[in-house]
Amino acid sequence: MYRSYYGDVTRVEKEGERGVRFTFKSADNRELPQIVGEMPVLSKAYWSGRDFGNTTLDPPLGSGPYKIESIDPGRSITYRRGLRLLGDRSAGQQGPPQTST
């Protein structure tokens, strides 16, 4: 299914330091640009020494506000709040400050 669906993507190019440009065969699938735009960009350096097809419990590389602190397979996963992201009270941030529980 995925091969035929994403087969409409003909080219993927790096645009500057933080951009990605997708080129499509046609404009018929109006949903596809939104879907590929939501896909994560994976680090080539991180994955170059790893087999993407193998299952692992190593915490993945991420850039979100929470990091995986510990994993107990089949039972629990514990996240740690990234203070650098959630502790910043910049002028554009709205709402109450984040609290730890």
Side-chain angles (χ1 to χ4, degrees):
M1 176 192 131
Y2 293 111
R3 183 170 296 199
S4 64
Y5 192 74
Y6 293 112
D8 208 24
V9 178
T10 59
R11 190 168 58 231
V12 180
E13 301 169 286
K14 180 179 177 182
E15 287 275 320
E17 284 298 310
R18 302 181 61 85
V20 179
R21 175 185 298 268
F22 295 93
T23 304
F24 304 97
K25 285 180 187 174
S26 70
D28 294 339
N29 187 342
R30 294 174 38 187
E31 179 184 43
L32 189 56
Q34 176 71 31
I35 291 170
V36 298
E38 293 175 346
M39 293 175 71
V41 176
L42 303 176
S43 167
K44 183 177 182 178
Y46 178 82
W47 287 103
S48 64
R50 294 172 168 81
D51 184 351
F52 191 77
N54 283 346
T55 302
T56 179
L57 291 176
D58 293 339
L61 180 66
S63 62
Y66 294 94
K67 305 290 182 201
I68 295 174
E69 186 171 89
S70 63
I71 300 173
D72 186 3
R75 297 189 59 146
S76 69
I77 182 167
T78 304
Y79 294 94
R80 178 177 37 91
R81 182 173 62 147
L83 296 177
R84 184 178 65 87
L85 292 171
L86 293 177
D88 180 21
R89 298 295 297 163
S90 61
Q93 188 177 16
Q94 296 182 8
Q98 298 289 329
T99 57
S100 296
T101 57

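Keep in mind that the numbers below use all heavy atoms, side chains included, and drop hydrogens, waters and symmetry copies.
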Original post:
Any side-chain heavy atom of F24 within less than 4.5 Å of one from V36?
Top reply: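 They are in contact (side-chain heavy atoms under 4.5 Å apart), so the answer is yes.
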Subject >> Validation row: M39, Y6 side chains within 4.5 angstrom (heavy atoms) >> reply: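 Heavy-atom side-chain distance check passes, below 4.5 Å.
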**OP:** Verify, without hydrogens or angle tests, whether T10 (side chain) and T23 (backbone) share a donor-acceptor contact under 3.5 angstrom.
**Re:**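 Yes: the side chain of T10 pairs with the backbone of T23.
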Original post:
Is the OH atom of Y79 crowded by more than 12 outside heavy atoms at less than 6.0 Å?
Top reply: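 Result for OH/Y79: open.
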Original post:
Which residue pairs satisfy the side chain to side chain donor-acceptor pair (under 3.5 Å) criterion with at least one member in residues 39-52, sequence neighbours excluded?
Top reply: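 Output for this query lists D51-N54.
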Original post:
Is there any side chain to side chain donor-acceptor pair (under 3.5 Å) pair reaching into residues 25-39, and which pairs are they, with sequence neighbours excluded?
Top reply: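 Listed once each, the pairs are Y5-E31, Q34-E38.
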Original post:
How close do I71 and I68 get, heavy atom to heavy atom, and via which atoms?
Top reply: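 That closest heavy-atom pairing would be CG1-CG2, 3.7 Å.
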Original post:
So among V9, D8, L32, which one has a side chain to side chain contact (heavy atoms under 4.5 Å, CB included) with F22?
Top reply: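 Going through the options one by one, the only one that passes is V9.
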